Amino acid sequence: MIRLIRYEFIKQFCKRSILTLFVVFSLANLCKIYGEYKSYSYLADGNGEQSWQTLHWQLYEEYQGEITPEKVERLLAVYAPLVEATSDMTASTATDNPNTMTGNLYSDRNLLDRYFVQPMQYFYEYSGRSAQVANRARQNAALYGEWGAVYQQRESGAIYNLYAGRTIPVFAYREMCNYYLNYDFSIVLTLLISLYGVIGTFVNERETQMDMLLLVNPGGGRKTALAKIIAATMFLLLTSLWFSLLDLIGFAVSFQTFEGLALPVFAIPNFAAASVNLSIFQYVLLSAALKCAGAWVIGMLWLLVSMFWKNALLPFIINFALCMALTVSGAACAYSNFFWLKVLNPYSLLTNRVLLGKTEIVNLVGFPVLTWQAAVWISLLAGLTLAAAIYFLSAENCHHCIRRAK
């Protein structure tokens, strides 16, 4: 069976066209990531002595690490005079001021404000805000307990357990992680190359009528179908993992740092209400796993549709339409309160910050379950159902049918 799986994987997914797509899409993805850096990062201004990039990393050596009152006081001692000097907008706009770091007072203030004051303030105040959420949830749980509202009590208890004790004790650079966690372009590439690879799994043999010949082979029929399912699964998982890894490497190389991966994921403002208590690096691993699950479920759907056709064009159009329907519906309800629409759509696992970035809970047989957890279980169940349907709808091997008849 292992040899059959290996054969099917090499035959279907190690073709020159697919390998070429991998190279082209990977290069396109890296170019897009570098474009994000050049377009949005204020540190992409060169390596001059007065550039933001050079000055940022010099200052960063002083302020990184544990947030202490001493560090806050030192930062404010530098920042407060700049605020005072530029508050009425009458300060000099000269770019060669020798008494400044960057050559300009406004630039000095903006550098400190964007990369040090605002992040440090957010980190310092976050524990207080999360404590308020936890306390309200604890009070609500007690109140619902008195009323006998069991589900609402459980839900409030789950929120309390999620937010209690949240804190960001250290200061670290977060810009790279922020752009990385909000990057979606590689999802499009993953879906396109997965669709192109999966679509020919059954169609190629039907076009040449090789499927009829395989039925009289001891390894044909459902045994071959199972090998195709496993080979397609391997291809989908490897494709998703490759682009997840490429994203991380691309952002780290473009921003020239891995700093920030040890921060808790809620250190990123978009993830202040995150439904997981993980570091950013742990979140990256979870996100990659969820993307694999989403790609696999959608891939099994494509595989089921394509197995009934003898020409690749029509199933490609149908599967592309299905993909667009899942994508559009997923984008439409991404930031809505229709939680179950997110849970039931496997596309949500691909753009999983929609599920992980907010604390949203659904009622599953009387128990509060986070939307991302419910989505995982439902998607895996759907994927297994689709895989089973592909297997049992495949034609049986003729030798097996003869032996069973005897």
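Predicted, not measured: the structure shown is a model, and the values here were computed from it. These values consider heavy atoms only, across backbone and side chains, with no hydrogens, waters or symmetry-generated copies.
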Q) Where do Val198 and Gly299 come nearest, in terms of heavy atoms and distance? A) CG1-O, 3.8 Å
Q: For the residue pair His56 and Tyr60, categorise the inter-ring angle as parallel (less than 30°), tilted (30 to 60°) or perpendicular (more than 60°).
A: parallel
Q | Gln118 versus Asp113, side-chain donor and acceptor atoms under 3.5 Å | A | yes
Q) Phe271 vs Tyr283 aromatic rings, parallel, tilted or perpendicular, using cut-offs 30° and 60°? A) perpendicular
Q) Is the shortest side-chain N to carboxylate O distance from Glu360 to Lys342 below 4.0 Å? A) yes
**Q.** Quiz item: cation-pi between Arg154 and Phe367, 6.0 Å / 45°
**A.** yes
Q. Can you tell me how far CG of Leu82 sits from CD of Glu84, rounded to the nearest 0.5 angstrom?
A. 10.0 Å
**Q.** Geometric cation-pi criterion Arg109 and Tyr106, 6.0 Å radius, 45° cone
**A.** no
Q | Asn337 CG to Phe339 CZ distance, which is reported to the nearest 0.5 Å | A | 5.0 Å
Q | Short side-chain donor-acceptor distance under 3.5 Å, Arg166 and Tyr126 | A | yes
(Q) To check you understand the geometry: which heavy-atom pair defines the closest contact between Phe171 and Tyr63, and what is its length? (A) CD2-O, 3.4 Å
Q) Sub-3.5 Å donor-acceptor pair from the side chain of Thr233 to the main-chain atoms of Ile229, do we have one? A) yes
Q) Can you tell me if Ser186 and Asp247 form a side-chain donor-acceptor pair at under 3.5 Å? A) yes
Q.
Quick one, Gln132 and Asn135 - any side-chain contact, counting heavy atoms below 4.5 Å?
A. no
Q. Less than 6.0 Å separating the ring centroids of Phe316 and Tyr196?
A. no
(Q) How close do Val343 and Thr371 get, counting heavy atoms only, and between which atoms? (A) CG2-O, 3.7 Å
**Q.** Cys177 and Leu261, any side-chain heavy atoms less than 4.5 Å apart
**A.** yes
Q) Does NZ or CZ of Arg74 come closer than 6.0 Å to the centre of the six-membered ring of Tyr79, within 45° of the ring's axis? A) no
Q: Calculate, to the nearest 0.5 Å, the distance between atoms CZ and OG belonging to Phe266 and Ser127 respectively.
A: 9.5 Å
Q: Using distance alone, with no hydrogens and no angle criterion, decide if Trp242 and Ser26 have a side-chain donor and acceptor under 3.5 Å apart.
A: yes
Q) Are Lys228 and Phe9 side-chain neighbours, meaning at least one heavy-atom pair lies under 4.5 Å? A) no
Q.
Looking at every heavy atom in both Ile18 and Gln12, which two are closest together, and how far apart are they?
A. CD1-O, 3.4 Å
Q | Greater than 12 external heavy atoms within 6.0 Å of Leu27's CG | A | yes
Q. Does a donor on one side chain and an acceptor on the other come within less than 3.5 Å for Thr102 and Trp52?
A. no
Q. Just by distance, with hydrogens left out, do Thr20 and Ser17 show a side-chain donor and acceptor under 3.5 Å apart?
A. no
**Q.** Ring geometry between Tyr115 and Tyr173 (parallel below 30°, tilted from 30 to 60°, perpendicular above 60°)
**A.** parallel
Q: Among Tyr180, Tyr34, Tyr37, find the one that has a ring pair (Phe, Tyr, Trp, His ring centres under 6.0 Å) with Phe251.
A: Tyr180
Q) Roughly how far, to the nearest 0.5 Å, is the CD1 atom of Ile298 from the CG atom of Leu236? A) 9.5 Å
Q. Does the side chain of Leu393 come within less than 4.5 Å of Leu304's, by heavy atoms?
A. yes
Q: May I ask you to decide if Met101's main-chain N or O and Asp108's side chain share a donor-acceptor pair within less than 3.5 Å?
A: yes
Q. Are the side chain of Tyr124 and the backbone of Ile168 linked by a donor-acceptor contact shorter than 3.5 Å?
A. no
Q. Does a side chain donor of either Glu175 or Ser41 reach within less than 3.5 Å of an acceptor in the other side chain?
A. yes
Q. How far does CG of Leu75 sit from CZ of Phe116, to the nearest 0.5 angstrom?
A. 8.0 Å
Q. Are any non-hydrogen side-chain atoms of Ile199 and Pro315 less than 4.5 angstrom apart?
A. yes
Q. Between Phe243 and Phe22, what is the ring plane arrangement, given parallel below 30°, perpendicular above 60°, and tilted in between?
A. parallel
Q. When you look at OH of Tyr151, are more than 12 heavy atoms from neighbouring residues, nucleotides or ligands closer to it than 6.0 Å?
A. yes
Q. For residues Asn104 and Asn97, is any side-chain donor paired with an opposing acceptor at under 3.5 Å?
A. no
Q | No-hydrogen, no-angle side-chain donor-acceptor test under 3.5 Å, Asn29 and Tyr183 | A | yes
**Q.** Donor-acceptor contact below 3.5 Å, side chain Asp45 vs main chain Ser51
**A.** no
Q: Please round to the nearest 0.5 Å and tell me the distance separating atom CD1 of Ile67 and atom CD of Gln121.
A: 11.0 Å
(Q) Within the 4.5 Å heavy-atom criterion, are Leu356 and Leu278 side-chain neighbours or not? (A) no
Q | Test item: Ser379 side-chain N/O and Val376 main-chain N/O as donor-acceptor pair under 3.5 Å | A | no
Q | Atom of Ile5, atom of Ala231 and distance for their closest heavy-atom approach | A | O-CB, 4.1 Å
Q | Tyr42, OH: over 12 other non-hydrogen atoms inside 6.0 angstrom | A | no
(Q) Looking only at the side chains, is there a donor atom on one of Ser329 and Asn345 sitting less than 3.5 Å from an acceptor on the other? (A) yes
Q: Kindly give the heavy-atom pair with the smallest separation between Leu4 and Lys223, and that separation in Å.
A: CD2-O, 3.8 Å
